[in-house]
Amino acid sequence: MPTGHDEGNGPVTAAQPLGSEVGARPRALLAQMTLEEKLAQITGFWEKADGEAVAPLQGDFTHDLGLAEATRHGLGHLTRVYGTRPVDPVERARWLWAQQRSLVRDTRLGIPALVHEECLTGLTAWQAATFPTPLAWGASFDPGLVAEMGAAIGGSMRQLGVHQGLAPVLDVIRDPRWGRVDECIAEDPYVVGTLGTAYVRGLQSAGVHATLKHFAGYSASQAGRNFAPVRAGRREVEDVLLPPFEMALLDGGARSVMSSYAEIDGVPVAASPELLTGVLRERWGFEGPVVADYFGVAFLHLLHAVAADLGEAAGLALAAGVDIELPTGDAYLGPLAAAVRSGRVDEALVDRAVLRALEQKEALGLLDATFEDEPPTAVDLDSPEHRRIAARLAEESVVLLANDGTLPLRAPARIAVAGPNADRVAALFGCYSFLNHVLAHHPGVEVGIEIPTVVEALRSALPDAEVVTALGCAIDDDDRSGFAAATSAAANAEVAVLVVGDHAGLFGRGTVGEGCDRDDLELPGVQRELVEAVLETGTPVVLVLLTGRPYAIDWALGRCAAVVQAFFPGEEGAPAIAGVLSGRVNPSGRLPVSIPRSAGAQPYSYLHPPLGGDGDVTNLRSTPALPFGHGLSYTTFTHTGLQAPAQVATDAPVEVSVRVANTGERAGDDVVQLYARDVVGSVTRPVAQLIGYHRVHLEPGESVVVSFSAPPARLAFTDREMRRVVEPGELELWVGPSCAVRETEARTTLTGPVHRVDSGSDRWTAVSAR
């Protein structure tokens with residue numbers, strides 16, 4: 001019988017926290033340091049690259065120091081050695097080893113630098129494997145596979161001498177207009193927490209420290225604008241935005257945290273002792289370093305205007321708990337040195353940060369490293385194992401939104417394939433992929449890895465079909481001159497496959513990505529008009545969405561023969577899509593985020609209270625076009641006989657079981673989703689809340705009983721006194737194909753006193769199938 005796996009196999013003992021068994025050597029080093037040597041250990045160095053804007057306002061910062069001058073007193077971090085421009089990894093490794101040997105030999109204390117890189121969809125380096133974007137992880141509902149991916153990424157990084165990865169992103173999606181949705185996992189904090197923790201475990205199993213981003217609140221920005229103020233109340237912060245970080249730290253043992261650019265209720269996070277010290281360290285016991293998001297310390301002065309100069313900004317950040325300034329030392333070098341010497345900043349704050357930085361280096365083995373060994377002379381950053389994981393994750397993440405029976409395609413003689421993403425490699429990748437993040441600045445450089453497009457993959461998947469192509473239109477302009485060729489191709493075909501969607505970029509250079517927010521949620525440019533023009537031909541249309549956010553496509557769901565959603569599925573994404581269209585792959589992805597009805601209904605979450613949905617008190621609908629958890633298959637599944645006890649104590653787990661059967665004619669994967677509703681609470685409660693999930697593979701006619709054990713923390717919320725509690729009362733439970741469908745239901749009553757939940761409580765729903 002299949003057993004699948006639960007959400008990351010439950011909690012494990014957190015990695016040994018920094019500082020618990022180390023300290024003597026870092027303290028001895030600290031005692032020897034001059035102020036300049038201390039500041040060097042809490043800053044980074046980034047080689048300046050003219051014209052390359054891969055961080056916000058990067059072009060506004062100038063660094064006159066060369067590497068030799070910048071490392072005269074030592075160095076904390078080397079910033080993005082491989083990930084800023086296309087460099088041969090073997091040659092760059094040779095350069096890196098030489099620089100590290102120089103730090104060991106030529107600086108007074110001989111401490112190597114810690115090397116960090118971006119790694120959200122794979123190591124952001126030339127020739128490295130590029131995996132599906134986090135939204136695709138969410139669509140897979142497969143923590144075990146995400147952990148495999150993390151381990152593969154970590155292995156590549158460690159081989160090249162990289163110690164810390166700036167991933168995963170644990171921001172919970174609150175508004176799909178926000179450009180960085182493509183970096184996020186889901187709109188549900190439990191899905192974000194389980195999958196994010198799985199990634200952390202995978203990455204760190206390879207000896208690379210994960211960095212949780214962006215702590216906290218960044219995704220809840222005003223009107224979905226990047227950097228905009230966050231006006232979330234304390235309850236939303238506690239119940240929605242913080243839980244993924246708590247899980248990844250306490251259950252995943254994440255070794256580093258990145259502070260957010262956000263300001264919450266007027267207080268920038270990088271200057272918030274309440275969050276960076278009160279929550280992170282005092283409540284959760286985190287002992288590792290907090291790194292600033294790039295230029296985030298300087299932004300306290302330049303953007304937030306809560307500091308009069310960079311020295312004051314440095315003092316605020318240090319006092320709050322930001323230990324390391326990245327990517328360079330704009331505030332923590334000269335301005336902070338002056339502030340310390342003038343008495344404006346207590347040097348004890350510098351010492352605290354330096355000690356955390358040194359403890360991390362000791363944990364990584366850097367304090368004993370000499371780099372006398374040879375760097376790698378051959379590396380394979382896109383091995384068959386990388387490709388296998390990328391292919392499987394891509395296949396599991398494709399979501400079939402609608403289908404009138406046209407899919408899978410049954411040996412068509414002639415297919416028209418059109419749309420701006422049909423034959424475009426970059427359409428498969430997110431904002432933080434090397435291709436869209438870096439190679440966009442180097443148009444003459446080859447991609448460096450093998451990447452078929454959707455057209456190419458379809459030709460391979462359907463070798464007997466004639467595939468006729470037409471562009472139709474671009475991603476985001478008003479040029480309709482290609483409509484005629486697209487409609488002509490469609491009119492003469494048995495089926496038309498239209499591949500539309502996004503281009504990921506940064507700071508306005510894309511339709512999605514960092515700094516690429518939207519006023520509306522219509523497909524960019526004239527893509528909707530292209531689809532409607534092809535629909536008018538009468539040829540069945542299969543609409544394929546290659547996007548980094550959900551769009552308002554309710555108009556297409558009833559008119560297209562089928563609609564397929566792929567969230568930037570990576571280097572193996574096109575074969576995965578072609579596999580779904582041809583029938584080789586039975587789609588099993590489920591929506592990690594609601595498909596919106598309109599931009600005007602945002603922000604929206606399925607976790608809304610009763611008055612956050614449709615009702616008689618307003619003339620406007622907010623219900624999404626498709627709900628969280630939705631996804632079709634080429635087989636059929638039933639969920640029956642949900643069993644739950646009549647009563648459960650408030651301090652005990654809720655034990656339930658459900659029978660899942662494959663009632664169709666082919667094997668397939670189902671994602672079993674268990675939801676709950678607290679019928680009456682002391683504060684308003686969500687109308688639906690995912691408390692457990694399980695991916696299970698079933699052969700035709702096969703069935704299993706899936707059992708869930710949901711601990712009290714899965715039902716807890718923040719009450720009027722701001723305590724995390726489980727209250728007595730009635731609880732509705734159901735399993736269905738989405739949050740909106742109650743296929744089988746049960747009820748139980750929580751009994752006993754109000755139960756307090758804290759950070760020591762179990763947070764994971766245990767799942768088994770038999």
Which is it for Phe429 and Phe568 under the side chain to side chain contact (heavy atoms under 4.5 Å, CB included) test, yes or no, and what are the steps along the way?
CA-CA 5 Å; Phe429 302 107; Phe568 291 147; 5.7 Å; no
List, one per line, each side-chain donor-acceptor pair under 3.5 Å for residues 489-505, sequence neighbours excluded.
unit_1	atom_1	unit_2	atom_2	d
Asn492	ND2	Ser488	O	2.8
Glu494	OE2	Ala413	N	2.8
Asp502	OD1	Thr511	OG1	2.7
Asp502	OD1	Tyr551	OH	2.4
Asp502	OD2	Gly548	N	3.0
Asp502	OD2	Tyr551	OH	3.3
His503	ND1	Arg424	NH1	2.9

Please report the closest heavy-atom contact between [X] and [Y], naming both atoms and the distance.
X      : Y      : value
Val563 : Leu545 : CG1-CD1, 3.8 Å
Val687 : Pro609 : CG1-C, 3.9 Å
Leu407 : Asn403 : O-ND2, 2.9 Å
Asn226 : Arg180 : OD1-CD, 4.0 Å
Pro700 : Gly664 : CB-O, 3.6 Å
Ala769 : Val704 : CB-CG2, 4.4 Å

With sequence neighbours left out, what residues match [X] under side chain to side chain contact (heavy atoms under 4.5 Å, CB included)?
X      : answer
Ser605 : Arg174, Glu187, Leu607
Ser707 : Ser657, Val705, Ser768
Pro627 : His630, Ser738, Cys739, Ala740
Arg480 : Asp478, Phe483, Val526, Glu529

Could you walk me through whether Arg659 and Ser703 satisfy the side-chain hydrogen bond (donor to acceptor under 3.5 Å, both in side chains) test, starting with their C-alpha distance in whole Å, then the side-chain angles of each, then the deciding distance to 0.1 Å, before giving a yes or no?
CA-CA 7 Å; Arg659 180 166 291 279; Ser703 69; 2.8 Å; yes
Contacts of type ring-ring contact (aromatic ring centres under 6.0 Å, His included), residue Phe131, not counting sequence neighbours
none
Under the rule for ring-ring contact (aromatic ring centres under 6.0 Å, His included), what residues qualify as partners of Tyr634, not counting sequence neighbours?
none
Is a side-chain donor or acceptor of [X] paired with a backbone partner of [Y] at a separation under 3.5 angstrom?
X      : Y      : result
Gln527 : Ile475 : yes
Trp137 : Pro132 : yes
Thr547 : Arg549 : yes
Arg584 : Pro575 : yes
Asp517 : Gly179 : yes
Ser598 : Ala601 : yes
Glu702 : Glu699 : yes
Tyr190 : Thr765 : yes
Thr133 : Ala136 : no
Asp182 : Cys431 : yes

Which residues share a side-chain hydrogen bond (donor to acceptor under 3.5 Å, both in side chains) with [X], sequence neighbours left out:
X      : result
Asp464 : none
Arg677 : none
Glu536 : none
Asp423 : Thr453

For a 4.5 angstrom cut-off between non-hydrogen side-chain atoms, does [X] reach [Y]?
X      : Y      : answer
Trp555 : Val531 : yes
Ile451 : Leu428 : yes
Ile185 : Leu135 : no
Cys560 : Leu535 : yes
Arg459 : Glu466 : no
Gln602 : Leu521 : yes
Pro412 : Arg414 : no
Tyr432 : Glu514 : yes

Counting only heavy atoms not in Glu665, do more than 12 sit closer than 6.0 Å to its CD atom?
no
Residues two or more places apart in sequence or in another chain: which of them pass salt bridge (charged side-chain N to carboxylate O under 4.0 Å, His left out) with Asp614?
Arg621
Do we see a donor-acceptor contact under 3.5 Å between the side chains of [X] and [Y]?
X      : Y      : value
His639 : Asp670 : yes
Tyr693 : Thr194 : yes
Thr663 : Thr636 : yes

Audit row: Glu148, Arg388, salt bridge (Lys or Arg N to Asp or Glu O under 4.0 Å) steps and yes/no
CA-CA 10 Å; Glu148 285 187 52; Arg388 180 193 68 80; 2.8 Å; yes
Hey, mind stepping through Asp519 and Arg225 against salt bridge (Lys or Arg N to Asp or Glu O under 4.0 Å) and telling me if it holds?
CA-CA 9 Å; Asp519 268 332; Arg225 266 47 170 188; 2.5 Å; yes
Identify which one of Asn662, Asn586, Asp669 satisfies the side-chain hydrogen bond (donor to acceptor under 3.5 Å, both in side chains) criterion when paired with Thr635.
Asn662
Salt bridge (Lys or Arg N to Asp or Glu O under 4.0 Å) evaluation trace for Arg509 with Asp476
CA-CA 11 Å; Arg509 294 192 296 272; Asp476 196 19; over 6 Å; no
Please evaluate residues Arg387 and Glu450 with respect to the criterion salt bridge (Lys or Arg N to Asp or Glu O under 4.0 Å), reporting the C-alpha separation (whole Å), side-chain torsions for both, the decisive distance (0.1 Å), and the verdict.
CA-CA 10 Å; Arg387 304 294 301 208; Glu450 182 180 343; 5.6 Å; no
Do the side chains of Glu572 and Arg392 get close enough for a salt bridge, i.e. N-O under 4.0 angstrom?
no
